[in-house]
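Step one of this worksheet: look at the structure below.
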Amino acid sequence: VQLQASGGGLVQAGGSLRLSCGASGSTFSRYHMGWFRQAPGKEREFVAAIIRSGGRTYSGNSVKGRFTISRDNAKNTVYLQMNSLKPEDTAVYYCAAAAPRIDYSGYYYDPVAYDYWGHGTLVTVSS
């Protein structure tokens, strides 16, 4: 599956952005989906994940209550709504797809659980 993230940009602290990640080349609804981010000089960090059906979501501690992941299987797209943005949210954001062959509930936060990655989209939050 090919993934293409979009929606990044420059926003002031306290503002909002919505990232989108479109999928093609395979049946999107087969895959659990995740968002990760990586800031300069830092390791890749789990942001949010959603199971194939959309019936369960997970969020990283640093974004709980501010970011919301959702998906539209009819549009082959996963979204990340980001509210109350902070300068420390500045990073390149990546979407990723995980094939349903493991116990995803135990690994959703781990990059190694994901089989496909899109090119990132840069989010910059100014203070």
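With a 4.5 Å cut-off between side-chain heavy atoms of Ile, Leu, Val, Met, Phe, Trp and Tyr, the cluster of V112 takes in none.
Distance check: N61 CG to E45 CD gives 9.5 Å after rounding to the nearest 0.5 Å. In this structure, the separation between CE on M33 and CG on N73 is 9.5 Å, given to the nearest 0.5 Å. Rounding to the nearest 0.5 angstrom, the gap separating the CH2 atom in W35 from the OH atom in Y79 is 10.5 Å. Here the straight-line distance linking atom OG1 of T121 with atom CD of Q4 works out to 8.5 Å at 0.5 Å rounding.
Within the structure, every pair that satisfies the ring-ring contact (aromatic ring centres under 6.0 Å, His included) test and touches residues 49-76, not counting sequence neighbours, is listed here: Y58-Y108. Residue pairs satisfying the salt bridge (Lys or Arg N to Asp or Glu O under 4.0 Å) criterion with at least one member in residues 117-127, sequence neighbours excluded, are absent. Legend: disulfide bond (SG atoms under 2.5 Å apart) pairs involving residues 47-86, not counting sequence neighbours: none detected.
V1 and F36 are members of different hydrophobic clusters when ILVMFWY side chains are connected at heavy-atom separations under 4.5 Å.
For K42, the side-chain hydrogen bond (donor to acceptor under 3.5 Å, both in side chains) criterion is met by no residue, not counting sequence neighbours. Residues satisfying the salt bridge (Lys or Arg N to Asp or Glu O under 4.0 Å) test with D115, not counting sequence neighbours, are R101.
In this structure, H32 and R71 approach most closely via the heavy-atom pair CA-NH1, 4.1 Å.
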Solution key, residues 84-98 side-chain donor-acceptor pairs under 3.5 Å, sequence neighbours excluded:
{"unit_1": "D89", "atom_1": "OD1", "unit_2": "R37", "atom_2": "NH1", "d": "2.9"}
{"unit_1": "D89", "atom_1": "OD1", "unit_2": "R66", "atom_2": "NH2", "d": "3.0"}
{"unit_1": "D89", "atom_1": "OD2", "unit_2": "R66", "atom_2": "NH1", "d": "2.7"}
{"unit_1": "D89", "atom_1": "OD2", "unit_2": "R66", "atom_2": "NH2", "d": "3.4"}
{"unit_1": "D89", "atom_1": "OD2", "unit_2": "K86", "atom_2": "N", "d": "2.8"}
{"unit_1": "T90", "atom_1": "OG1", "unit_2": "P87", "atom_2": "O", "d": "2.9"}
{"unit_1": "T90", "atom_1": "OG1", "unit_2": "V125", "atom_2": "N", "d": "2.9"}
{"unit_1": "T90", "atom_1": "OG1", "unit_2": "V125", "atom_2": "O", "d": "3.4"}
{"unit_1": "Y93", "atom_1": "OH", "unit_2": "R37", "atom_2": "NH1", "d": "2.9"}
{"unit_1": "Y93", "atom_1": "OH", "unit_2": "D89", "atom_2": "O", "d": "2.6"}

Return all side-chain donor-acceptor pairs below 3.5 angstrom for residues 8-31, not counting sequence neighbours, or 'none' if the list is empty.
{"unit_1": "S16", "atom_1": "OG", "unit_2": "N83", "atom_2": "OD1", "d": "2.9"}
{"unit_1": "S26", "atom_1": "OG", "unit_2": "Y31", "atom_2": "OH", "d": "3.3"}

Do any side-chain atoms of residues 46-57 form donor-acceptor pairs under 3.5 angstrom with protein atoms, and if so which ones, sequence neighbours left out?
{"unit_1": "S53", "atom_1": "OG", "unit_2": "G55", "atom_2": "N", "d": "3.1"}

